[in-house]
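I have placed the structure first, in the form of structure tokens, so that the comments after it can refer back to it.
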Protein chains: 4
Amino acid sequence: MANGRRGAPRNEEARLAILQATANQFITRHYEHLTVEGIAADAGVSKQTIYRWWPTKGALIAEAMIEGLLFAEPLTPLDTGDLRHDLVTWLDTLFEFARDERNEALVRSLVAAAAENADVGLRLSESVGAASTLIARLESGIETSELRPDAPVTDIVNALLGAFIVRILTRIPTDVGAATRLVDAVLGPAPASR
Amino acid sequence: MANGRRGAPRNEEARLAILQATANQFITRHYEHLTVEGIAADAGVSKQTIYRWWPTKGALIAEAMIEGLLFAEPLTPLDTGDLRHDLVTWLDTLFEFARDERNEALVRSLVAAAAENADVGLRLSESVGAASTLIARLESGIETSELRPDAPVTDIVNALLGAFIVRILTRIPTDVGAATRLVDAVLGPAPASR
Amino acid sequence: MANGRRGAPRNEEARLAILQATANQFITRHYEHLTVEGIAADAGVSKQTIYRWWPTKGALIAEAMIEGLLFAEPLTPLDTGDLRHDLVTWLDTLFEFARDERNEALVRSLVAAAAENADVGLRLSESVGAASTLIARLESGIETSELRPDAPVTDIVNALLGAFIVRILTRIPTDVGAATRLVDAVLGPAPASR
Amino acid sequence: MANGRRGAPRNEEARLAILQATANQFITRHYEHLTVEGIAADAGVSKQTIYRWWPTKGALIAEAMIEGLLFAEPLTPLDTGDLRHDLVTWLDTLFEFARDERNEALVRSLVAAAAENADVGLRLSESVGAASTLIARLESGIETSELRPDAPVTDIVNALLGAFIVRILTRIPTDVGAATRLVDAVLGPAPASR
DNA sequence: CAATAATCGAGACGGTACGTCTCGTCTTCTT
DNA sequence: AAGAAGACGAGACGTACCGTCTCGATTATTG
């Protein structure tokens with residue numbers, strides 16, 4: 001059945017090649033050295049095909065993020081039943097991930113992109129920190145009374161993620177206890193067994 | 001007496017003109033559109049004079065930050081004796097500052113610069129959040145027992161500042177209670193008398 | 001009865017719209033800025049319809065010339081019985097025509113097209129100078145003995161037309177006596193009774 | 001001694017390389033396929049260096065003409081004392097030159113350039129026909145009474161050259177007698193010994 | 001009267017070149 | 001030396017057209 005449009009339909013293969021190339025280039029050359037010409041060449045596509053569908057580099061990156069091409073495995077929190085433990089584990093994984101200079105540069109690059117482009121910004125906390133899953137985990141912590149009912153869940157997530165990002169931006173190497181200390185600050189110090 | 005070097009000494013006037021021009025251009029055109037040629041023209045200086053003394057744009061910005069040319073008034077926290085209140089006030093001022101789209105863009109620009117340049121990154125939390133003063137304020141809070149003695153002061157500052165930056169990057173408009181909620185999130189809920 | 005071909009016949013309306021658009025664009029934008037896309041848009045036709053029937057821009061222009069769409073009125077010589085006078089009048093009209101900058105540009109454009117495309121070249125002298133009529137006029141001059149029987153009629157036409165074109169190309173403004181001098185140059189000086 | 005200007009002086013080597021490359025490309029690829037990028041690559045120069053000094057392709061060609069880089073040997077008329085003979089010889093050489101398809105294309109290309117650019121146009125008749133030398137030859141013919149004193153010398157040159165150009169543009173192959181016939185037309189038929 | 005074949009408008013596509021912008025280096029003259 | 005002026009090679013920008021191609025819709029012809 002007709003779709004109301006005429007002319008050749010958009011080439012899905014080209015679209016994916018472009019997004020994949022965007023991810024490749026973003027990872028290898030970082031945001032500041034990302035070029036549309038490079039992406040076009042890498043994707044085997046003409047520049048015009050890129051400009052026809054995406055207004056800016058940022059839009060490309062944002063879409064590559066949506067397609068899940070930027071990060072290999074999303075860093076999502078677990079749910080073992082112990083909120084404090086789950087948060088520490090998640091943060092530790094994040095810090096560990098960023099201990100590899102390549103990954104740290106990738107995150108920094110993503111922050112740079114987010115700073116210059118709203119589309120990327122909108123997806124930043126989701127992409128870096130799996131924010132929505134994290135929020136869900138915290139809300140489940142409220143149900144198990146590990147968190148008081150009026151805890152500002154979103155703000156807690158922003159604080160944890162923000163602390164991570166500030167560390168990345170200020171280039172302060174992360175010490176071992178950082179994750180625990182941050183969670184302590186946010187949930188209050190660990191009870192009894194401490 | 002001679003300083004052991006020959007030839008004309010460095011022109012301090014030119015140095016300041018360059019840094020001032022850097023600040024002007026940074027504020028008006030943002031980091032992504034900052035050009036060395038533009039700075040040179042604005043400062044009435046040749047490009048070579050810039051390249052002779054600064055290796056990168058980031059170094060220029062970092063030095064302009066040190067000279068206090070980027071932000072009009074530093075947003076420092078007060079000390080009224082009530083820590084929680086002082087923090088909320090400070091955060092509110094920050095959010096208020098960023099409510100002006102021009103300032104928000106300025107902060108975003110600074111984050112972009114920090115992401116791409118270590119010199120700027122090192123000074124980011126100081127410049128945006130007056131981090132050292134804030135740390136001092138928190139430490140004085142420990143003395144007045146408003147904070148437990150082992151509170152992770154630096155991490156708390158990172159969390160507060162980071163939450164602010166995450167908000168800026170994700171372009172989420174700030175609602176009225178944000179500052180209070182954030183302090184609650186990071187220090188735990190306000191005690192009894194609330 | 002069938003013509004041996006199946007499918008929809010060529011759309012004559014589209015053909016004329018294309019040629020008319022070619023003429024419009026040629027006149028307003030000149031040969032160097034003539035684009036197939038512009039013609040297609042102007043004619044309300046798809047590019048493919050143009051490429052299906054004409055191999056090059058030159059072919060389009062040549063056909064527009066044949067259809068008489070490029071020049072409003074062909075500049076044909078008269079026959080008053082006085083050959084020399086008729087030639088001077090004709091040349092004067094030509095010079096007068098080209099005195100309007102718009103027309104001069106049009107002729108130059110046509111020369112450019114002729115230089116780059118054989119189809120246009122073939123029709124150049126006919127289109128600019130009504131060459132065949134001019135040759136006929138000269139041959140009638142032989143019959144009235146105003147011209148010697150072995151006069152190289154075609155070469156004379158080429159010389160007159162060529163001189164005009166050289167003037168156009170070299171951008172030399174035409175003075176009043178030019179037409180007369182040129183006829184003198186090509187036919188030899190006027191005889192006795194002058 | 002100072003010349004009043006500061007900054008590096010124009011690089012003469014680059015200038016010549018560019019003009020030489022222009023000539024090369026013009027000869028091998030013709031005007032319509034001449035590209036600034038190609039010239040820059042051929043000359044080993046950046047595009048900006050070209051655009052800094054020449055506003056258009058036409059200006060490049062015009063300057064290459066002035067430097068005598070476009071035509072190997074200028075086609076200048078001789079002076080044997082016999083005007084008619086010298087003109088026929090000159091025209092014959094011209095026709096002979098253009099009989100090689102490569103040269104014909106070169107002349108056509110030059111006409112195209114002249115049609116689209118005034119700088120080239122100004123130099124066309126000089127470059128193709130050595131117009132000034134030809135005019136001088138005709139004036140010397142007046143002194144020897146081979147030409148009447150009031151002969152329109154410039155117009156005669158335009159007519160001869162124009163006839164040549166029209167032949168080139170209309171792609172009419174040149175027959176053997178063409179040169180003689182044209183000169184006959186212009187000087188009147190040859191006297192006695194014919 | 002279905003199957004076939006050609007036309008047409010629309011528009012996506014890989015390419016090439018455009019003319020501009022900025023980079024970081026360099027060369028010259030002046031202070 | 002340091003500095004102003006500015007030329008230079010390099011390379012990316014975003015745009016304009018090229019000529020080809022794929023669509024779906026619309027005619028005609030033919031078996």
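All values below were derived from every heavy atom in this structure, side-chain atoms included, with hydrogens, water molecules and symmetry-related copies excluded. Below, chains carry the letters A, B, ... as their sequence lines are ordered, and counting in each starts from 1.
- In this entry the distance linking OH of D/Tyr51 with C1' of F/dC8 reads 17 Å, nearest Å.
- Under 3.5 Å, the side chain of B/Lys47 and the base of E/dG24 form at least one donor-acceptor pair of N or O atoms.
- Rounded to whole Å, atom C1' of E/dT7 lies 16 Å from atom CZ of C/Arg15.
- In this structure, C/Gly38 reaches neither bases nor backbone, as no heavy-atom distance under 4.0 Å exists between it and the strands shown.
- Phosphate contact (OP1/OP2 of E/dC29, side-chain N/O of D/Arg6, threshold under 4.0 Å): absent.
- Between B/Glu32 atom CD and F/dG14 atom C1' there is a gap of 16 Å when expressed in whole angstrom units.
- Both B/Asn11 and D/Ser46 sit near DNA chain F, but only B/Asn11 has its closest nucleotide nearer the 5' end.
- If you take CD of A/Gln25 and P of F/dG11, they are 15 Å apart, rounded to a whole angstrom.
- Between E/dA12 and A/Trp53, no contact under 4.0 Å exists linking OP1 or OP2 to a side-chain N or O.
- If you measure from atom CD of D/Gln48 to atom C1' of E/dT25, you get 16 Å, rounded to the nearest angstrom.
- Figure legend: A/Arg15 and A/Trp53 shown without cation-pi pairing, the cationic atom not lying both under 6.0 angstrom from the six-membered ring centre and within 45 degrees of its axis.
- Put simply, CZ on D/Arg10 is 17 Å from P on E/dC29, counting in whole angstrom units.
- Here B/Glu32 does not pair with A/Lys57 in a salt bridge; the nearest charged N to carboxylate O distance is not below 4.0 Å.
- Residue D/Glu13 contributes atom CD, which lies 14 Å from atom C1' of F/dG9 at whole-angstrom precision.
- Within 4.0 Å of A/Arg29, counting heavy atoms only, lies no atom of the nucleic acid at all.
- A residue-by-residue look at B/Glu37 and C/Ala8 shows that B/Glu37 has its nearest nucleotide of DNA chain F further toward the 5' end.
- The backbone N or O of D/Tyr31 lies less than 3.5 Å from a partner atom in the side chain of D/Ser109, making a donor-acceptor pair.
- Contact annotation: A/Thr49 reaches the phosphate of E/dG14 (side-chain N/O to OP1 or OP2, under 4.0 Å).
- With contacts defined as side-chain heavy-atom distances shorter than 4.5 Å, the pair B/Ile168/B/Val111 does not qualify.
- Considering only side-chain atoms of A/Arg52, the nucleotide from E/dC13, E/dC8, F/dA2 that sits closest is E/dC13.
- The NZ-P distance, from B/Lys57 to E/dT22, rounds to 10 Å in whole Å.
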